[in-house]
Amino acid sequence: LPEGVVDGIEIYSTKISCKVTSRFAHNVVTTRAVNRADKAKEVSFDVELPKTAFITNFTLTIDGVTYPGSVKEKEVAQKQYEKAVSQGKTAGLVKASGRKLEKFTVSVNVAAGSKVIFELTYEELLKRNKGKYEMYLKVQPKQLVRHFEIDAHIFEPQGISMLDADASFITNDLLGSALTKSFSGKKGHVSFKPSLDQQRSCPTCTDSLLNGDFTIVYDVNRESPGNVQIVNGYFVHFFAPQGLPVVPKNIAFVIDVSGSMSGRKIQQTREALLKILDDMKEEDYLNFILFSTGVTTWKDHLVKATPANLEEARAFVKNIRDRSMTNINDGLLRGIEMLNKAREDHLVPERSTSILVMLTDGDANTGESRPEKIQENVRNAIRGKFPLYNLGFGNNLNYNFLESLALENHGFARRIYEDSDASLQLQGFYEEVANPLLTNVELEYPENAILDLTRNSYPHFYDGSEIVVAGRLVDRNVDNFKADVKGHGALNDLTFTEEVDMKEMDAALKEQGYIFGDYIERLWAYLTIEQLLEKRKNARGDEKENITAEALELSLKYHFVTPLTSMVVTKPEDNEDQTAIADKPGEEAISASTAYLTSQQSSHSPYYYVDGD
Amino acid sequence: PHFIIQVPGKNDTICFNIDEKPGTVLSLIQDPVTGIAVTGQIIGEKGNNASSRTGKTYFGKLGIANAWMDFRIEVTTEKIILGNGDALSTFSWLDTVTVTQTGLSVTINRKKNMVVSFEDGISFVIVLHQVWKKHPVHQDFLGFYVVDSHRMSAQTHGLLGQFFQPFDFKVFDVRPGSDPMKPDATMVVKSHRLTVTRGSQKDYRKDASVGTKVVCWFVHNNGEGFIDGVHTDYIVPSLF
């Protein structure tokens, strides 16, 4: 057998091509294989892509004939799918894979001597976290690949300040030499191109060493706090000031200490809280509210994070023990009351920000346990005055409830995976929200000059993150464009202004056009859909219908596979039909695979689906 | 650096230079009543290339502080640092930003100027003068202007501050000087009789690159006789 041929199938090329322009990543994964056997063989194509990405295309080319995907409304595609399922013809889908990824899998039968090309395209907006953008690629070819390549080109109009790439599987100098990374000015490039020999797990092995995470991280120059880019009538505004003092925090930790937290979970919670206490700043105020069947607190009110108080807090945390049931409602209401009272009684500095963080591992099962009622109580108690962040520990919880609760109170939810690094995950979350530089951030644009603006109001700007707002210009031929960002800092109120000269912008565009010209429009569509889908989670009735219709229209127009759409690929095949569905799994599907794989004789034209749930 | 004094109540201007070594910090304004103090650090030319030296000096760093507000601003040609107690906010000359807090507002106008306005009506304008980055000799420097200086107290001192209150001077015996375009004259000010030369300087508040010509009487020898004491009396150890 020629090298790289396993069970008759040679995968002679796999290329992951990434083009990033202004944080918007366009990735194409192409695998080319040939059936060297003397009979038909099944060839599989697996790609793990970030959960935050939207698939935009999948094509299958067999012996030079390409079968392109088409995005359809999920309901329409589902009917086709159901028909296919009833005929026993499904063959591919996406399922959740680990913490960050979704796995796209397709298999196809290839005749002897035939070639097949799989090409999957997905796009995502890279989000800045702790001062850098991270692009995450999972590399796991099933066999040695003659031409394996990751080729990433990054173009950032602000200029690239740092760029790095690392692979968890690079263990020696030989493989290290296959990785090159460089950046200069606005352009960055990462290439990973291991030879066949470099891929071997040992000099005489036929199995691949390439198995693990490949990450590219970078950041851009921030000579000014904001950057506005305008292309083809669409604009995007990136805002990430630095050098501002941290706004003091008033933070109430509402911790679930019910029986289900016993053992490792409570131990990891204690560890994380101790680490968090080490990171507290003296200007901050804090308290711990523990809930099980009842509610207990460390102190009656928030206290300043003085060294003496922190020492006392450590002793308290070390003695946290689990007991009885889960009363989320009372725990949260107590935390909210404490934060409200601290503000009303002027116990905390006027220029400070309040944050409520809840950690729970299960559903409410005592006190008020109806999720809708808890949501109503919490909503009425917070009244939009501060954000609620929910950390869901483990799998036995109603994550949708926690997410919905957090979203409607201007926060977000995060899963804490029950693993050896759970305390690090908790700490990591805290680090994200530990350094608010601005509160009540409003991004304002000329009235009557813009349309279809994405979210432009944020309760906090956290150090190391970035606010992104996109929209459409009413008049594409305006001479200049102005954006104001207002926010409250630790000591003063700030108004940042960004002015764009359209002539200068046009000149800059000529340079960046080589990547892909409509990136801002697609970025705007991505961001709009993402925010609509989030908003939809808490919407009811007509509002929900309108949001759904809007998100669906954009998903179809921009060819995004979202929870509202499906992608269908049809492939005529002699005597055999196959249909694949790839769901975009929601959080609920994390532990349950929704994969189906069957095939049978049929005379119908088969089709593949890629869809979101 | 050049100093231009528009004399309150007189339709005339007096100017002088202070020539000191780069790194020297001068007290420009010191008002014990409002608590406002302004200092400036001198820069010269790039590097130490003796053959290229023209001896010209400028302000490369300015310090504005208000002791009563525990507030200070350090302005360099690169960045602007606002300090409230121990907390620092850092901005760049590429920002367009307005910062407001009780008793104060600071506006940075990208690459042009910044305005520091105190609640009692005193405003300072700092102009960024940019030169070609690769210029072999010159480097960026700062201009400093005081608006509504009369709002400062009568006790205000410093190389600029001592002139915020009205004072009298007389100029007479205008005669040809060594430069035919710049006549000399005799000035009587603060009981001193000085020889001054008609010259001009530029006010860059409105346009940092072109400026507006200001005709003035130039006092020689580091303002000797015009300023209280001698210029070295105004040297202070640090910006704050």
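We name chains A, B, ... by the order of the sequence lines, and we start the count at 1 in each one.
- For the atom pair CZ (R110(B)) and CD (E223(A)), the distance works out to 8.0 Å, reported to the nearest 0.5 Å.
- Residue S224(A) comes nearest to D95(B) through the heavy atom pair CA-OD1, 3.4 Å, listed as atom of the first residue, atom of the second, then distance.
- When heavy atoms are compared at a cutoff of 4.5 Å, Q242(A) approaches chain B solely by way of its backbone atoms N, CA, C and O.
- Within a 6.0 Å sphere centred on CG of D475(A), other residues, nucleotides and ligands contribute more than 12 heavy atoms.
- Here S89(B) contributes atom OG and L437(A) contributes atom CG; the two are 9.5 Å apart, rounded to the nearest 0.5 Å.
- Counted within 6.0 Å of CD on E442(A), heavy atoms from surrounding residues, nucleotides or ligands total more than 12; the atom is thus considered enclosed.
- Annotation for K304(A): atom NZ counts as buried by contact number, over 12 foreign heavy atoms lying within 6.0 Å.
- In the displayed structure, K206(B) atom NZ is contacted under 6.0 Å by at most 12 heavy atoms of other residues, nucleotides or ligands.
- Atom OG1 of T102(B) and atom CG of N492(A) lie 9.5 Å apart (nearest 0.5 Å).
- No more than 12 heavy atoms of other residues, nucleotides or ligands lie within 6.0 Å of NZ in K486(A), so this atom counts as exposed by the packing criterion.
- With V99(B) as the fixed residue, the side chain to side chain contact (heavy atoms under 4.5 Å, CB included) test singles out one of T495(A), L491(A), L494(A): L494(A).
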